[in-house]
Structure formats: structure tokens, C-alpha cells
Amino acid sequence: MDTNQLLAFEHVVRHGSFSKAARMMDISQPTISIRIKNLEEEVGGELFKRGGNKLELSELGRTFLPFAQQAIETINKGIEQAKLAKEGRGGKIAIGTLPTLAAHYFSSALATLHKTHPHIGIVVHTGHNQELLEMLYEGYVKLCIMTYPFFNTELKSLLHIREPLVLVTHPDHSLAHKGEIELSDLSEMADPYLLVDWSVETKRVQRDMLSNGNDFEVPPQTAYDLLKSGMGVALLTETMVSHEIKQGTLVSLSVKGFPKLYRESALVQLKKEKEISSSLRTFIKVFSDQIEKEKSCELKSFTF
């Protein structure tokens, strides 16, 4: 069974005769008759009643018709989507990301992508670095945004993103209006200091700073929620808290001697993937543009 047979059947039904269907398809009547005969052999019986003055569907034909029409519609939609994908205006993209990278400029990029390229389907999966790697290897996703640096030689970076980290607290916290504070004040008065593990380096710096040795280690979103409730001090990405700082619902702290720290991430794919689809290229362009709008972020692009 092939598409030409299904199209011949649908045209004969629509136009009510073999000759009219042949003219509409720009083929000979014997050709359309052969296609119908071959289709009848596939389905196991006659699709039309023979011998009458008017061409009518048989019981088998009436049963088969909606499935034939659905198959034709599905094929046409597939062809249309394939053409859109080739032009970078359609297709489907599957992307993996760390949960902490799934918001802000990433979600803004998805919103822009949907607005400018509504025919592109989007699937987003979240997980930690190892889970993202497994998704890449198993083919669930084609691109991932993960922590940088990574040491897997089977990956290549397409984009490298560098976000400043800022110390923040609630405006009612005792450290909120002290101006520049000492490291010792931060350690003793954070109540508590909410340690967020952005990277090995940032975690080491924060641990060295905590002279009292008390650990209160939480994920970024938990730290954010605790800060909003009035509790503690935490090191969060500037993009995560920029709106709250502008609104005054969180305040940034200036700490004497505290080093400038960053959260670094990368958009990666497997090296064995030799090509990037047009739809993925479109996403990368939209994603890059969105990051560049974040004035505090640094973006480095690699040739791909």
C-alpha cells in the first residue's frame, strides 16, 4: 500500500468516477484503475460496488475511507512540517537543562521562540549534570545546558554563559542597612548563611568564609524562598534576583574582601552529532539574543 493508491481511492470517492479522478490527478484512467485494484488486494476485497449506473462504496470501502483520509492528512502534515523544519520555521526541539537554569533568560527565550516561530514544537527536560548526559546519550535531547566546566571529552560547547553571583538578604535583615560589612559580620550575623552549591569553586569560597563552620546548605530555589520569608543571607545569580532588588523586596550586600564569583554554564551537544537542525539553530540564535539582553551576563559563542 502506498500514498498514490490512497490518493487514487480518495479522488475516486470525492469525484464519483474513475475518469474524473484520473483527470484531476493528471494520470490515465487505466493507471488509476490499477491503483485501486492493487489497493483492494491489500485490504482484502472490493472498495466499490460493481455493475450499477452510479459508483458507490462497498461496505468495505465505507469502513476503510476514514482511515485512508486520516493517513493522507497525516502524510500531508508530515511533509509540511518537514519543509518548515528545513527552513528553520518548524520541527521539534528537545532540550535538557538544570532546574536552576530553566527560568529567567531561558524561559524568556522559549516565549520569544514560540512567538516568532510558532510552528516549532518544544520539549524541555530537567535534571542534574549526569542525568542530562544520559538524556544526550539516549537521544531524548539534542542539546543540554549544564554546569561549566565539564570534563567529558565527548561533549562540545556551543555557548558559554557567565552570570555574576550576588549576596542578598531580606530588607528587614539586620545586615541589610549596614553599608559595607566585614566578612566576620557576614559569618556571625547571617542567621543563617544559606550555602548554595553553584560550583566546586564557589562552594569552597563560601565554606572558607564561614568561620563558625555551621552548614545550612540548600538548593537555589529554597534559598530564594527563605530569603523572601526574611531568613538568612545567600549567594544567588544576579538574573535570579535582579527584579526583586529593583523592587526592594531583596537587597544586595557589599562585603569587604568578598571575591567576585560567577555561575558558569554551557550549552552543549555530543561531538558525534555532526549537524544541527535548522530548528535547533533557530533556538540557539534566540537563546543567545536573550542572554545578551541580560547586561550582567557574559556570553561566548563557539563555531558550530
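Bear in mind that the values here come from a model prediction, so they are computed numbers and not experimental data. Residue indices begin at 1 and follow the sequence shown.
Of the candidates Ile284, Val286, Ile291, Ile284 is the only one forming a side-chain contact (heavy atoms from CB on, under 4.5 Å) with Ser288.
If you chain together hydrophobic residues whose side chains sit under 4.5 Å apart, Met231 and Leu235 fall into the same group. By the criterion of side-chain heavy atoms lying less than 4.5 angstrom apart, applied directly or through intervening Ile, Leu, Val, Met, Phe, Trp or Tyr residues, Ile34 is not grouped with Met24; the two fall into different hydrophobic clusters. Tyr262 and Leu98 fall into different hydrophobic clusters, where Ile, Leu, Val, Met, Phe, Trp and Tyr side chains are chained together by heavy-atom contacts under 4.5 Å. Under the 4.5 Å side-chain contact rule for hydrophobic residues, Val166 and Val251 do not share a cluster.
Nearest heavy-atom pair across Leu132 and Thr97 is CD2-N, 3.5 Å. For Lys203 against Glu217, the heavy-atom pair with the smallest separation is NZ-OE2, 3.1 Å.
Within a 6.0 Å sphere centred on OH of Tyr140, heavy atoms belonging to other residues, nucleotides or ligands number 12 at most. For NZ of Lys271, the number of neighbouring non-hydrogen atoms (other residues, nucleotides, ligands) closer than 6.0 Å is greater than 12. Heavy atoms from other residues, nucleotides or ligands lying under 6.0 Å from CD of Gln70 number 12 at most. Around atom NZ of Lys285, no more than 12 heavy atoms belonging to other residues, nucleotides or ligands sit under 6.0 Å away.
In this structure, NZ on Lys92 lies 13.0 Å from OG on Ser277, to the nearest 0.5 angstrom. For the atom pair CD of Gln5 and CZ of Arg35, the computed distance is 8.5 Å after rounding to the nearest 0.5 Å. Atoms CD and CD, on Glu154 and Glu273 in that order, are 12.0 Å from each other to the nearest 0.5 Å. Separation of atoms CG (Leu270) and CG (Leu143) is listed at 10.0 Å; rounding is to 0.5 Å. Here the CD1-CG distance, from Ile161 to Leu101, works out to 7.0 Å after rounding to the nearest 0.5 Å. One finds the CG atom of Leu267 at 11.0 Å from the CG atom of Leu155 (value rounded to the nearest 0.5 Å).
Using a 4.0 Å cut-off between a side-chain N of Lys or Arg and a carboxylate O of Asp or Glu, Glu201 and Arg204 qualify as a salt bridge. Remark: Glu163 engages Arg263 in a salt bridge, criterion side-chain N to carboxylate O under 4.0 Å.
A distance-only check finds a donor-acceptor pair linking the side chain of Ser58 to the backbone of Leu47 [under 3.5 Å]. Of the possible donor and acceptor atoms, one in the side chain of His173 sits under 3.5 Å from a partner among the backbone N and O of Ala190. Side chain of Ser229 to backbone of Leu226: a donor-acceptor contact under 3.5 angstrom is found. Remark: side-chain polar atoms of Gln206 are paired, donor with acceptor, to backbone N or O of Thr202 under 3.5 angstrom.
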Show your working on side chain to side chain contact (heavy atoms under 4.5 Å, CB included) between Leu159 and Ser301 and close with a plain yes or no. CA-CA 5 Å; Leu159 299 174; Ser301 299; 3.4 Å; yes

Under the criterion side chain to side chain contact (heavy atoms under 4.5 Å, CB included), I'd like the reasoning laid out for Gln269 against Lys156: C-alpha separation, chi angles, the key distance, then a yes or no. CA-CA 6 Å; Gln269 73 168 160; Lys156 65 178 176 181; 2.8 Å; yes

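In this pair, Phe287 and Phe106 present their aromatic rings perpendicular. The plane angle is above 60°, beyond the 30 to 60° band. Using cut-offs of 30° and 60° for the angle between ring planes, the Phe9 and Phe64 rings count as tilted. The aromatic rings of His160 and Tyr148 are tilted relative to each other, their planes meeting at an angle between 30° and 60°.
When only modelled atom types and interatomic distance are considered, Glu42 and Asn38 share no side-chain donor-acceptor pair under 3.5 Å. No side-chain N or O of Glu294 forms a donor-acceptor pair with one of Thr239 less than 3.5 Å apart.
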